[in-house]
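Okay, structure first, notes after.
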Amino acid sequence: MTLSTDAQAQPAPVEQAEISARPIHQFKLGSSETRFGPLEFVGGLELGSDSWNFGAMSAIRFLDAGQRFAGVTDTGFWYFGRVMRDEAGRPSGFADFTLQQMVDDKGDVIGRKWTTDAEGLAVKGDEATVGFERAHRISQFRLTPRDMTGPLGDLDFLVPAHELRRNRGFETVLYAPAEGPHAGARIVISEKSLDRNGDIFAAILEGPTSGIFTVRRSGDFDITDGAFLPDGDLLLLERSYSVAKGVAIRLKRIDGDSIRKGRVADGPVLLEADMGYQIDNMEGLDVWRRADGAVMVSLISDDNHSILQRNLYLEFRLHDK
């Protein structure tokens with residue numbers, strides 16, 4: 001790990017943004033169905049704001065279960081906020097939403113797409129790890145909402161740099177369960193940097209099991225985020241796009257035991273949705289436990305600051321069967 005020599009640099013200004021939210025009650029268009037395989041749709045939001053900087057949300061992580069969250073955008077911003085809920089516990093809006101531009105270790109706003117294309121985020125306590133593509137790197141920060149300074153340093157991402165495609169780098173950054181075989185190590189998975197067999201490069205960055213592995217690629221789906229489930233399996237969010245068919249997403253459950261150095265990780269598809277559903281360019285995912293013990297899955301979309309796309313937040317309950 002390369003440590004910064006100037007971790008005390010001043011942060012960028014904090015922008016408070018007002019967020020409008022239109023509730024989404026139906027996941028499948030024109031249908032009142034709520035159960036989709038093991039996933040039960042709980043509710044969602046279509047989000048908007050007058051802030052020029054709002055949007056492009058590429059990762060979300062909850063700081064406490066289903067309430068306060070942190071995230072990054074692929075335009076080089078941190079964002080923080082809180083999910084508001086109605087009497088039934090469904091999401092009803094975003095509150096306390098702030099944006100703050102990423103700065104370098106000297107405190108200077110970076111502001112260039114090439115160097116601030118933040119795609120993946122992992123959070124543990126006051127430690128945040130961000131995956132950047134284009135200028136490929138895995139950077140560590142001190143997580144201090146409203147006071148985000150520059151990176152503390154960069155981690156060795158193990159995958160040979162020449163194997164990382166320019167706009168298909170590390171979209172998924174996460175911590176393995178502390179009690180599992182990887183002992184809380186950071187794991188990174190690229191979006192679509194493929195090995196000679198056509199599978200997706202990934203790596204366990206530290207600890208007793210560190211090393212490169214791959215994730216099986218099937219169809220034209222690429223990986224945009226992931227989170228570990230309580231049983232040690234990995235839930236991956238995948239996305240495909242074509243001009244003819246539009247966007248589609250999948251949720252795939254990866255067998256935790258298949259995440260090993262030199263192995264190809266794979267598992268079954270739990271959900272697949274196309275333009276007949278309330279989806280957009282879904283890029284962020286997190287898993288959390290509700291107060292009643294239910295395992296919840298949250299998704300967020302990246303609108304690319306396009307009037308043709310939407311910022312969506314969706315919630316599902318994951319059932320055992």
Side-chain angles (χ1 to χ4, degrees), residues 21 23-25 27 34-45 57 59-72 79-97 120-129 143 145 172-187 189 224-238 249-257 259 267-271 282-301 312-321:
I24 297 172
H25 301 297
F27 179 55
T34 60
R35 190 70 181 264
F36 305 91
L39 288 153
E40 177 187 358
F41 181 63
V42 173
L45 302 169
M57 295 178 286
I60 186 170
R61 298 295 183 193
F62 280 100
L63 306 181
D64 48 46
Q67 298 182 61
R68 294 184 307 120
F69 57 78
V72 293
Y79 68 86
F80 299 91
R82 175 173 55 88
V83 178
M84 296 187 295
R85 299 187 178 278
D86 63 19
E87 294 180 354
R90 296 179 294 248
S92 60
F94 278 12
D96 307 326
F97 195 92
L121 172 67
V123 172
K124 182 173 70 175
D126 64 353
E127 182 179 80
T129 306
L143 188 69
T172 302
V173 183
L174 65 162
Y175 285 93
E179 66 280 3
H182 308 302
R186 278 167 283 207
I187 294 176
I189 305 172
T224 62
D225 210 349
F228 277 96
L229 296 168
D231 68 355
D233 284 352
L234 173 61
L235 188 66
L236 283 183
L237 173 61
E238 300 181 326
I249 67 165
R250 287 196 314 208
L251 286 174
K252 181 183 285 188
R253 185 171 192 153
I254 302 296
D255 183 349
D257 289 335
I259 301 172
V269 173
L270 303 186
L271 171 72
M282 312 308 296
E283 288 224 353
L285 173 148
D286 202 14
V287 171
W288 49 280
R289 275 198 184 274
R290 207 164 58 186
D292 62 2
V295 176
M296 306 297 295
V297 178
S298 291
L299 307 180
I300 201 161
S301 71
L312 301 181
Y313 173 77
L314 307 175
E315 277 188 5
F316 299 84
R317 176 179 180 178
L318 179 61
H319 293 267
D320 291 335
K321 296 181 181 179

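For Phe27, the ring-ring contact (aromatic ring centres under 6.0 Å, His included) partners two or more places apart in sequence, or in a different chain, are Phe36, Phe41, Tyr277, Phe316. Residues meeting the side-chain hydrogen bond (donor to acceptor under 3.5 Å, both in side chains) test with Glu238, sequence neighbours left out: Arg250. For Thr129, the side-chain hydrogen bond (donor to acceptor under 3.5 Å, both in side chains) partners two or more places apart in sequence, or in a different chain, are Tyr175, Arg186. The side-chain hydrogen bond (donor to acceptor under 3.5 Å, both in side chains) search around Arg317 returns none, not counting sequence neighbours. Remark: Asp126 engages no residue in a salt bridge (Lys or Arg N to Asp or Glu O under 4.0 Å) (not counting sequence neighbours). Residues passing the side-chain contact (heavy atoms from CB on, under 4.5 Å) test with Ala88, sequence neighbours excluded: Asp86, Arg90. Remark: Phe97 pairs with Phe54, Tyr79 by the ring-ring contact (aromatic ring centres under 6.0 Å, His included) rule, at least two apart or across chains. Under the side-chain hydrogen bond (donor to acceptor under 3.5 Å, both in side chains) criterion, Thr224 pairs with no residue at all, not counting sequence neighbours. Applying the salt bridge (Lys or Arg N to Asp or Glu O under 4.0 Å) test to Asp255 and every residue at least two apart in sequence or in another chain returns nothing. Here Thr172 pairs with Leu174, Ile189, Ile223, Asp225 under the side-chain contact (heavy atoms from CB on, under 4.5 Å) rule; sequence neighbours left out. Partners of Arg289 by salt bridge (Lys or Arg N to Asp or Glu O under 4.0 Å), not counting sequence neighbours: none found. Not counting sequence neighbours, the partners of Phe94 by the ring-ring contact (aromatic ring centres under 6.0 Å, His included) test are Phe69, Tyr313.
Here the CD1-CG distance, from Ile249 to Leu285, works out to 9.5 Å after rounding to the nearest 0.5 Å. The line from CD of Glu283 to OG of Ser301 is 8.5 Å long, rounded to the nearest 0.5 Å. Here the CZ atom belonging to Arg253 is positioned 6.0 Å from the CG atom belonging to Leu318, to the nearest 0.5 angstrom. Taking CG of Asp233 as the start and CD1 of Ile254 as the end, the distance is 8.5 Å to the nearest 0.5 Å. Distance check, rounded to the nearest 0.5 Å: CD1 of Ile300 to CG of Leu312 gives 9.0 Å. The structure places CD of Gln67 at 8.0 Å from CZ of Arg82, a figure rounded to the nearest 0.5 Å.
Considering every non-hydrogen atom in both Gly284 and Ile60, the closest pair reads C-CG2, 4.3 Å. The two residues Leu45 and Ala21 make their nearest non-hydrogen contact at CD2-CB, 4.1 Å. Minimum heavy-atom separation, Ala227 to Arg61: CB-NH1, 3.7 Å. Considering every non-hydrogen atom in both Ala65 and Trp288, the closest pair reads C-CE3, 3.7 Å. Here the shortest heavy-atom pairing between Gly44 and Pro91 reads N-CG, 4.0 Å. Scanning all heavy atoms of the two residues, the minimum distance from Leu121 to Ala128 falls at CD1-CB, 4.1 Å.
A donor-acceptor contact shorter than 3.5 Å links the side chain of His182 to the backbone of Ile259. The main-chain N or O of Met84 is found under 3.5 Å from a side-chain atom of Ser92 such that the two form a donor-acceptor pair.
The pair Arg290-Glu315 does not count as a salt bridge, with every side-chain nitrogen at least 4.0 angstrom from each carboxylate oxygen.
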